[in-house]
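These notes are about the structure you will find just below.
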Amino acid sequence: MSNRLFADPQYPAVPVTGEDSLYPVHRIFCVGRNYAEHAKEMGVEVDREEPFYFLKDAQSLVQTGATIAYPPGTANYHYEMEFVIAIGAPAFKVPVDAASAAIFGYACGLDMTRRDLQLNARAKSRPWDFGKNFEQSTIMAPITRATAFAEIGPQEIVLDVNGERRQAAHLDDLVWNVPEIVSHLSHYYHLQPGDLIFTGTPAGVGAVVAGDVLRGSITGLADVELAISKAES
Ligand code: MN
C-alpha cells in the first residue's frame with residue numbers, strides 16, 4: 001500500500017443548535033441572484049427561467065464568532081447575508097413536492113465576496129471562483145433542525161455592520177423557494193447529507209473594512225457573527 005504523503009484535508013463540521021451533534025460539511029452550493037432587489041442593485045435582473053449556482057470549497061468555511069483577516073487580492077470585500085439549507089438525506093431528481101424530505105435543517109450564513117474580482121470576472125464572462133471561493137469566505141452559524149423551524153415565509157433576514165442595519169428582507173422574498181432550489185439542484189447533482197445550499201442574499205450588500213463587526217440574524221435561527229481583524233493578512 002502506498003503512503004499518503006501528507007495528512008488528508010479536514011472537512012469542517014457545523015454544530016447543531018441545542019444538541020451535542022456536529023453536521024459534517026461536504027459541498028457548498030450557492031444560488032446566484034435569488035432576491036429581485038439584490039439583482040437590481042447589481043445591475044442585472046433575476047433570470048426567472050432558471051436559477052444558477054456557484055460552488056465554494058468546504059475548506060473555505062469558518063464558524064460564527066471568528067475574527068478573520070481582510071483577504072488578499074481585493075479592495076472591495078463584501079458581506080452577503082444568506083439563509084442556508086443543510087441537506088440531510090440523498091436527493092436525486094426529486095420533485096418540488098418531495099424536496100423537503102431531503103432537508104436536515106437551516107442556518108444563518110455569510111457568503112463573503114471579493115466583489116471587485118467577481119465583477120471583473122462577470123464582465124469578462126470568466127468563472128467567479130476568485131471572487132467567491134477563497135479561504136475563510138464562508139461563515140456558518142449553528143444549524144437548526146427543520147423540525148424545529150417554522151414554515152418558511154415571514155421570517156426576517158437582516159444584517160448589521162457595527163450595529164447599523166444594512167440588509168433587511170423576508171424569506172418569502174426568495175425568487176426560488178427552498179423546495180424549488182433543492183429540486184432543481186437535485187436534477188444536476190446527487191445531493192447528499194453534508195451538502196449546504198446558500199440561497200442568495202437580499203439587497204444592501206456592501207464593503208467591510210478592518211475592524212468591522214458583522215451580525216446576521218434570521219427569525220428562529222442562531223445568529224452569525226464575524227469580525228474583520230485589524231491585522232494584515
Ligand atoms: Mn451569495
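Order of listing sets the numbers, starting from 1, for every ligand and every atom in it.
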## Note on the structure
Of all N, O or S atoms in Glu82, the one closest to the Mn ion (ligand 1) is OE2

### Residues Asp160 and Arg215 bridged, charged N to O under 4.0 Å
no

### Task
Identify, by name, the N, O or S atom of Glu80 lying closest to the Mn ion (ligand 1).
OE1

### Task
Pick out which of Phe198, Tyr53, Tyr189 makes a ring-ring contact (aromatic ring centres under 6.0 Å, His included) with Phe29.
Tyr189

### Message
To make sure I understand the geometry: which N, O or S atom in Asp111 is closest to the Mn ion (ligand 1)?
### Response
OD2

### Query
With respect to Val224, which candidate in Leu159, Ile139, Val84 satisfies the side-chain contact (heavy atoms from CB on, under 4.5 Å) definition?
Ile139

#### Entry: NZ or CZ of Arg114 within 45° of Phe134 ring axis and under 6.0 Å
yes

